[in-house]
Amino acid sequence: MAKNTGHGHRVGAVRSRSEFRHNGTWFKRNAETGRIMNGSPNQHKGVRNEK
């Protein structure tokens, strides 16, 4: 499980999420259900990338 450190980064991976890029926006996806959670112009911290 990922833990926030309070210093702008996390220790460990966020296992239940992945992210992908579409048209310059990074979208976070719930790995269990496959539903898109939210989008951001920047990558999310500690979330694995899809290929």
Side-chain angles (χ1 to χ4, degrees):
M1 179 174 193
K3 301 282 184 182
N4 289 328
T5 61
H7 299 288
H9 63 88
R10 290 193 173 117
V11 174
V14 180
R15 294 184 183 201
S16 62
R17 292 177 177 76
S18 62
E19 69 178 352
F20 63 96
R21 191 172 187 172
H22 179 68
N23 293 335
T25 302
W26 290 93
F27 291 97
K28 190 163 42 173
R29 183 191 314 260
N30 185 327
E32 296 170 0
T33 63
R35 297 183 81 182
I36 295 174
M37 299 173 69
N38 64 351
S40 172
N42 302 319
Q43 285 186 293
H44 298 90
K45 294 187 288 185
V47 179
R48 74 183 93 197
N49 292 331
E50 296 179 8
K51 292 187 177 186

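- Residue Ile36 is found in a hydrophobic cluster whose other members, listed by chain and number, are Phe20, Phe27; membership requires side-chain heavy atoms under 4.5 Å apart, directly or through intermediates.
- In terms of the side chain to side chain donor-acceptor pair (under 3.5 Å) criterion, residue partners of Asn49 (sequence neighbours excluded) are, by chain and number, Gln43.
- The OG1 atom of Thr25 sits 11.5 Å away from the CD atom of Glu19 when rounded to the nearest 0.5 Å.
- Pairs of residues two or more places apart, or lying in two chains, that qualify as salt bridge (charged side-chain N to carboxylate O under 4.0 Å, His left out) and include a residue from residues 25-51 are Arg29-Glu50.
- Sorted pairs that involve residues 31-51 and meet ring pair (Phe, Tyr, Trp, His ring centres under 6.0 Å), not counting sequence neighbours, are lacking altogether.
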